[in-house]
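This report refers to the structure that appears directly beneath it.
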2 protein chains.
Amino acid sequence: MTARKENSTYTLNEKFITDCDLTYAANKIGGRWKIVILDKLGNRKLRFSELKKEFPYISERMLTLQLRALEQDELVKRTVYAEVPPRVEYELTPIALEFLPIFCQLSAWGKKNKMLKNNRS
Amino acid sequence: MTARKENSTYTLNEKFITDCDLTYAANKIGGRWKIVILDKLGNRKLRFSELKKEFPYISERMLTLQLRALEQDELVKRTVYAEVPPRVEYELTPIALEFLPIFCQLSAWGKKNKMLKNNRS
DNA sequence: TATGGTACAAACAAATTTGTAAGTAATGAC
DNA sequence: GTCATTACTTACAAATTTGTTTGTACCATA
């Protein structure tokens, strides 16, 4: 999509990084928003506007951009209902559901170590 | 460090995101390099130059930058030996070690779903 | 006829992240 | 006295990510 120099180190590093299973996975949920969106979606369906309410300051553009990317990666399923006003629902795909236990563990790490850090400050 | 508008949406979102346990953790290992560096470090000590060899195209600047950030977050311990030429060793801290099993699972996800994707293309 | 709600899209702008190239300090080997 | 070695640092530049603002299509309802 975005033109880029073929053999820039930037691109070589990117290739190197998506060849690795670990970073392949990490990239799918990287960036500021993806991981929280997936987590909020959890086991339920949410409409665009409901998702937006979950993140008080996200811009609509960001939200659509992230949802599109997640859809592209087949982590999110988008269902459009031909109604007026429009209704669109988002839900996790089976492969995204597999991330949920991992998110739990990350969350536990976060909780624990955020506490430790606060107690020292 | 870098000045930033106090109440820009960027900053508000950042706050929102580090308040959450999940994204607090995710941020510690986010970006292009941190997660692979931690993973490579695993249970052993590595020198700067040894680490560099693991990533064929990383720039020295990037490597130091990431290592400094990891040190700051107390995920990596840095030991300097007063020799010439200098020797510096890096190793994971106990709280970083707790990430390793999570990396395993992410890696397993990556392996599995990369395969699925390839078989469809 | 005017208004309102939903889920976006497009053009632009700011901020951050990542990479490039060159240089430094100390010392011992040649 | 010059060179090689190691682990950086500095100044700069490119690329990507994130945010702002404005606008649109749809039709039901007032």
Side-chain angles (χ1 to χ4, degrees), chain A residues 1-18 23 27 29-37 45-53 55-71 76 78-90, chain B residues 1-18 23 26-27 29-37 45-71 76 78-90:
Chain A
M1 296 295 146
T2 43
R4 196 155 66 190
K5 281 178 203 151
E6 265 296 304
N7 273 27
S8 63
T9 308
Y10 190 93
T11 306
L12 292 173
N13 277 327
E14 192 173 60
K15 264 180 208 148
F16 176 79
I17 266 180
T18 43
T23 42
N27 275 339
I29 55 175
R32 177 169 275 193
W33 295 109
K34 286 182 187 169
I35 206 173
V36 245
I37 291 175
K45 296 184 182 187
L46 288 177
R47 301 182 59 175
F48 185 86
S49 52
E50 291 171 323
L51 265 174
K52 192 160 149 43
K53 274 179 218 142
F55 312 111
Y57 309 114
I58 199 175
S59 62
E60 298 198 335
R61 171 183 152 78
M62 259 305 112
L63 189 51
T64 19
L65 234 51
Q66 300 305 310
L67 286 169
R68 289 286 182 279
L70 290 169
E71 200 191 347
V76 156
R78 180 166 176 267
T79 315
V80 183
Y81 297 88
E83 302 173 2
V84 169
R87 180 158 66 99
V88 182
E89 283 186 344
Y90 295 91
Chain B
M1 294 296 144
T2 43
R4 195 156 66 190
K5 282 177 203 150
E6 267 295 304
N7 274 27
S8 62
T9 308
Y10 190 93
T11 306
L12 292 174
N13 278 327
E14 192 172 61
K15 263 180 209 150
F16 175 78
I17 266 180
T18 43
T23 42
N27 275 340
I29 56 176
R32 176 168 276 193
W33 294 110
K34 286 182 187 169
I35 206 173
V36 245
I37 291 175
K45 295 183 181 186
L46 287 177
R47 301 182 58 178
F48 185 87
S49 53
E50 291 170 323
L51 264 174
K52 192 162 149 41
K53 273 180 218 141
E54 298 283 347
F55 312 110
Y57 309 113
I58 199 175
S59 62
E60 300 198 334
R61 172 184 149 79
M62 259 304 113
L63 189 52
T64 19
L65 234 51
Q66 300 304 311
L67 286 168
R68 288 285 184 281
L70 290 169
E71 201 192 346
V76 156
R78 180 168 177 265
T79 315
V80 183
Y81 296 88
E83 302 172 1
V84 170
R87 180 158 66 98
V88 181
E89 283 186 343
Y90 294 91

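Side-chain atoms are counted along with the backbone in the values below, which use heavy atoms only and exclude waters and symmetry mates. A, B, ... follow the sequence lines: proteins, then strands. Residue 1 opens every chain.
A close approach under 4.0 Å does occur between a side-chain nitrogen or oxygen of B/Arg68 and OP1 or OP2 of D/dC8. At the phosphate of C/dT20, OP1 or OP2 sits under 4.0 Å from a side-chain N or O atom of A/Thr9. Considering only side-chain N and O atoms, A/Asn13 lies nowhere under 4.0 angstrom from the phosphate OP1 or OP2 of C/dT18. An OP1 or OP2 oxygen of D/dT17 is reached within less than 4.0 angstrom by no side-chain nitrogen or oxygen of B/Arg32.
One N or O on the side chain of B/Ser59 and one on the backbone of B/Met62 form a donor-acceptor pair closer than 3.5 Å.
Between the CD atom of A/Glu14 and the P atom of D/dA14 there is a distance of 19 Å, given to the nearest Å. The CD-C1' distance, from B/Glu71 to D/dA7, rounds to 13 Å in whole Å. With rounding to whole Å, A/Glu50 atom CD is found 17 Å from C/dG5 atom P. Regarding A/Phe55, its CZ atom lies at a distance of 16 Å from the C1' atom of D/dG19, rounded to whole Å. What separates CG of A/Leu65 from P of C/dA7 is a distance of 17 Å, to the nearest Å. The CD atom of B/Glu83 sits 13 Å away from the C1' atom of C/dG28 (whole-angstrom rounding). Between the CZ atom of B/Arg87 and the C1' atom of C/dT27 there is a distance of 16 Å, given to the nearest Å. Spacing between atom CG of A/Leu12 and atom P of C/dT18 amounts to 16 Å, rounded to whole angstrom units.
Looking at heavy-atom distances under 4.0 Å, B/Thr64 makes contact with a base. At the heavy-atom level, B/Ser59 lies under 4.0 Å from base atoms of the strands shown.
Judged by the 6.0 Å distance and 45° axis criteria, A/Arg32 is not positioned over the aromatic ring of B/Phe16.
Distance from the side chain of A/Arg78 is smallest for C/dC8 among the nucleotides D/dA7, C/dC8, C/dG19. The listed nucleotides are D/dT18, D/dT6, C/dG19; the one nearest the side chain of B/Arg47 is D/dT6. Each of D/dA7, C/dT18, C/dA9 was ranked by its minimum atom distance to the side chain of B/Phe48; first place goes to D/dA7.
Comparing B/Tyr90 and B/Val84 by the nucleotide of DNA chain D whose heavy atom lies nearest to each, the residue mapping closer to the 5' end is B/Val84. Nearest-nucleotide assignment on DNA chain C puts the 5′-proximal partner with A/Glu89, out of A/Glu89 and A/Arg61.
Shown here is B/Tyr57, whose OH atom has no more than 12 heavy atoms of other residues, nucleotides or ligands within 6.0 Å.
A salt bridge does not link A/Glu50 with A/Lys52: none of the charged nitrogens is closer than 4.0 Å to a carboxylate oxygen.
Annotation for A/Tyr90 and A/Arg68: closest pair OH-NH1, 4.0 Å, computed over non-hydrogen atoms.
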